[in-house]
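Structure first, commentary second.
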2 protein chains.
Amino acid sequence: MEEKEISQAVVARLPRYLRYLGELRDEGIERVSSQELSDIMQVTASQIRQDLNTFGGFGQQGYGYNVDYLYDEIGKILGLNREHRLIIVGAGHLGQALVNYSNFERRGFLFRGVFDCDPKVCGKKICGITVRPMDELADFVRVNRIDIAVLTIPKTSAVEVAGKLADCGIRGIWNFAHVDLRLPGHIQVENVHLSDSLMKLSYNLSSAGKEA
Amino acid sequence: MEEKEISQAVVARLPRYLRYLGELRDEGIERVSSQELSDIMQVTASQIRQDLNTFGGFGQQGYGYNVDYLYDEIGKILGLNREHRLIIVGAGHLGQALVNYSNFERRGFLFRGVFDCDPKVCGKKICGITVRPMDELADFVRVNRIDIAVLTIPKTSAVEVAGKLADCGIRGIWNFAHVDLRLPGHIQVENVHLSDSLMKLSYNLSSAGKEA
DNA sequence: CGGGAATTGACAAAAAATTAACATAAGCGT
DNA sequence: ACGCTTATGTTAATTTTTTGTCAATTCCCG
């Protein structure tokens, strides 16, 4: 269907558009022009129009964009109209934090299971979900038709677990482990490398003030 | 000092170089060529050489790069030779997860305090650090010369707290709240917008299979 | 110690992303 | 209903980023 390749840079900006549009909507604002959005978001109006047009014409000349409509459309593009079934692998603090963060549920990301290799943790409940042992992982994914696995485990076991998940038909992996997963191309991997992010901040602290 | 502007894209790749070099070092490998790195990291050799040369010539013609040396140099560029003093604002699950993640400490990111607005949480200890009430925040930052504040609080309070932090001389903010902070230019902000990341994954799941 | 092999650093070319410009279509007021 | 204003969609220009190429330098083997 999709003709042209859409760059990840454009996709990465969509959630931010969605966020601002949501705020406008909550304020009861009906329409917005690319120039107004530009002022609020500190992005060029040209980029906004260009980005939106990658996916189709959502605006109207002389009028601008209807906030509600555009919000919904971007949501659809991002797949937020569908429900996603997720599991967490790794019931540590990070895993718990994600399960507890209710905003994901609100967006249709439904946590259906939590897994951990530590027998002491298994059986406990996190946010109403029982922690299961790792040997139930494969069956659970298949039976419950899990889309996305969230990897909040140490890098040492991440590669192995990711391989197992790939074998039982997972479609996407949200990877918090500090390794690059090499998986078949049909499996989508989104990395969240927190230490990389912190190092970037550290760099910018060091370099601040040097220039100019 | 720094003459040319260095793009954030280049900076963002440095931590990954560091990670792979660390692995090579741990395997006892002494030297590496850009081509070898290219094979391991799935990046063009040209980009590796170009990136490294942005910061100076770390290699030697006919030999390649010395793993130990390059590892150290990239570490220095990223400011990992200095110690950073951090505080966590928001003692929820995410805040706790970050305090507990010992790899940051190992890199010189030292958690010196945890703050929360909930009186029920204050006084408790997280990973050996006592949770303090918010009204002690400003003084603590000044007295302990805190570099970086980690914002793991809801968006509603994030803007206000960030402003307070700016006033008491914070240099960097690692922002996990789902808002864009507008702060004076000398304050570095590094955003980790988890829901944006998850939406990106969702998009890629939806679009997978459509193309070609 | 000399010559071929290896590999960087620098530069050039290509590709991608961003910004600017503008013709065109729709709204809005009179 | 008409024309002026507004603001999109689109194409073109510019800038940035990435990739390719190659001369120059260093290593390494005999």
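Sequence lines set the chain letters: A, B, ... in the order given, protein chains first and strands last, and positions in each chain run from 1.
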Nearest-angstrom distance from the residue atom [atom1] of [X] to [atom2] of [N]:
X       : N      : atom1 : atom2 : answer
B:Arg49 : D:dA23 : CZ    : C1'   : 13 Å
A:Glu36 : D:dT6  : CD    : C1'   : 11 Å
A:Phe55 : D:dT8  : CZ    : P     : 18 Å
A:Leu52 : D:dT8  : CG    : P     : 9 Å
B:Gln50 : C:dA12 : CD    : C1'   : 11 Å
B:Tyr65 : D:dT25 : OH    : P     : 16 Å
B:Gln8  : D:dT18 : CD    : P     : 13 Å
A:Arg13 : C:dA16 : CZ    : C1'   : 12 Å

Would you please confirm or rule out a distance under 4.0 Å between OP1 or OP2 of [N] and any side-chain N or O of [X]?
X       : N      : result
B:Ser34 : C:dT7  : no
B:Asn53 : C:dT8  : no
B:Thr44 : D:dT18 : no

Identify the pairs formed between an N or O of the protein and an N or O of nucleotides 13-15 of chain D at a distance under 3.5 Å, and give each distance.
none

Please identify which of these residues, A:Ile187, A:Leu181, A:Ile87, A:Leu183, meets the side-chain contact (heavy atoms from CB on, under 4.5 Å) condition with A:Leu165.
A:Ile87
Base, sugar-phosphate, or nothing: which does A:Ser46 touch, judged by heavy atoms less than 4.0 Å apart?
base
Pick base, sugar-phosphate or nothing for A:Gln35, based on heavy-atom distances below 4.0 Å to the nucleic acid.
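It contacts nothing in the nucleic acid.
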For the residue pair B:Gln8 and A:Asn204, confirm or rule out a side-chain donor-acceptor distance under 3.5 Å.
yes
State the NZ-NE2 distance between A:Lys200 and A:His193, to the nearest 0.5 angstrom.
12.5 Å
Quick check for you: to the nearest 0.5 Å, what is the distance between A:Ile126 atom CD1 and A:Ile88 atom CD1?
8.5 Å
Is the shortest distance from a Lys or Arg side-chain nitrogen in A:Asp147 or A:Arg82 to a carboxylate oxygen in the other one below 4.0 Å?
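No, no charged N to carboxylate O under 4.0 Å.
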Side chain proximity check, A:Gln42 to B:Asp180, heavy atoms < 4.5 angstrom
no
A:His93-B:His93 aromatic ring centre distance below 6.0 Å
no
Does the ring centre of A:Phe109 sit less than 6.0 Å away from the ring centre of A:Trp174?
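Centroid separation for A:Trp174 and A:Phe109: 6.0 Å or greater.
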Would you please name every residue forming a side chain to side chain contact (heavy atoms under 4.5 Å, CB included) with B:Asp118, sequence neighbours left out?
B:Asp116, B:Lys120, B:Val121
Taking only nitrogen or oxygen atoms into account, show me every contact under 3.5 Å that the protein makes with nucleotides 24-30 of chain C, one pair per line with its distance.
| from | atom 1 | to | atom 2 | distance (Å) |
| --- | --- | --- | --- | --- |
| C:dT24 | O2 | A:Gln61 | NE2 | 3.3 |
| C:dA25 | O4' | A:Gln61 | OE1 | 2.4 |
| C:dA26 | O4' | A:Gln61 | O | 3.3 |
| C:dC28 | OP1 | A:Arg31 | NH1 | 3.0 |

